[in-house]
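A short write-up of the structure that comes next.
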Amino acid sequence: GDGWACSVTCTNGEGSGVVVPGTGIHVNNMMGEQDLSPLGFFTHPPGRRLPSMMAPTVVLGADGAPELVLGSAGSNRIRSALLQVIVNVLDRGMVAADAVDAPRLHFEDGLVYAEPGIDGAALEASGRTLAWFRERNLFFGGCQAVEREPATGELHGGGDPRRGGAVVAA
């Protein structure tokens, strides 16, 4: 009601297989995630803060009020998923649901991974190698977004179908 917003990303990574006795809490295995620990298990220096790909995001409008709030699962594809949803909403004028649902691409290790619906002609013409997915895939993240229309304050949401996302409006 006051126009505040919050974005939260919760993760268990791939999961460690360890549950803390008596708590039901499943412990994460962040040290085993290749993008965070590229040299392998147990190579992260002791005492150093563990990096994270999580990037819960709030985009503020010209008036300083939240305009778009989003977050995504997806390891090192989080940033590309968030960026594409932001561009879809702010630059392409899509509503949150369409922006989240739109086809995505991701550049990594010299390859451009792409979902059906991406126009890859310019990328291929520039010499990029494209790795095409046959259908929309959870590889490209699991972005959830809420958009606030500045003029009316009306909220629109997008739940990523790649990971069973949903939107509930009250």
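Taking the six-membered ring for Trp, Y113 and F140 have ring centres at least 6.0 Å apart.
Under a hydrophobic clustering in which Ile, Leu, Val, Met, Phe, Trp and Tyr are joined whenever their side-chain heavy atoms come within less than 4.5 Å, directly or via other members, I78 and V59 fall into the same cluster. Clustering ILVMFWY residues whenever any of their side-chain heavy atoms sit less than 4.5 angstrom apart, transitively, puts L90 in a cluster other than the one holding L83. Grouping the Ile, Leu, Val, Met, Phe, Trp and Tyr side chains by contacts below 4.5 angstrom, directly or via other members, places I86 with V89.
The shortest side-chain heavy-atom distance between L82 and L70 falls under the 4.5 Å cut-off. For the pair R104 and V85, the minimum side-chain heavy-atom distance is below 4.5 Å. E67 places none of its side-chain heavy atoms less than 4.5 Å from the side chain of E149. For the pair E124/L130, a side-chain contact is recorded, criterion being any heavy-atom separation below 4.5 Å from C-beta on. Side-chain contact between N76 and E108 is present, with heavy atoms from C-beta onward closer than 4.5 Å. Side-chain contact between P161 and D101: present, with at least one pair of heavy atoms (C-beta onward) separated by less than 4.5 Å.
Contact record, P66 with V69: CB-CG2, 4.4 Å, taken as the closest heavy-atom pair. The two residues P103 and P116 have their closest heavy-atom pair at CB-O, 3.2 Å. Closest of all the heavy-atom pairs between A102 and N88 is CB-ND2, 3.5 Å. Heavy atoms only, all atoms of each residue included: I118 and W132 are closest at O-CH2, 3.3 Å. G158 and A96 make their closest contact through N-CB, 3.9 Å (heavy atoms, listed as atom of the first residue, atom of the second, distance). When every heavy atom of V100 is checked against every heavy atom of G159, the shortest pair comes out as CG1-C, 4.0 Å.
The existence of a salt bridge linking E115 and R162 is confirmed by a sub-4.0 Å separation between a basic side-chain nitrogen and an acidic carboxylate oxygen. Salt bridge absent: D160 and R136 never bring a charged side-chain N and a carboxylate O closer than 4.0 Å.
A donor-acceptor pair under 3.5 Å is absent between the side-chain atoms of E147 and the main chain of A145, judged by distance alone. Within the 3.5 Å criterion, the main-chain N or O of L155 finds no donor-acceptor partner in the side chain of R148. No side-chain donor-acceptor contact under 3.5 Å links S75 to the backbone of R77.
Ring-plane geometry between H106 and F139 is classed as perpendicular, the angle between the planes exceeding 60 degrees on a 0 to 90 degree scale with a lower cut at 30.
Atom CG of residue L68 and atom OG1 of residue T57 lie 8.5 Å apart, to the nearest 0.5 angstrom. Rounding to the nearest 0.5 Å gives a distance of 9.0 Å between CZ of R163 and CG of N137.
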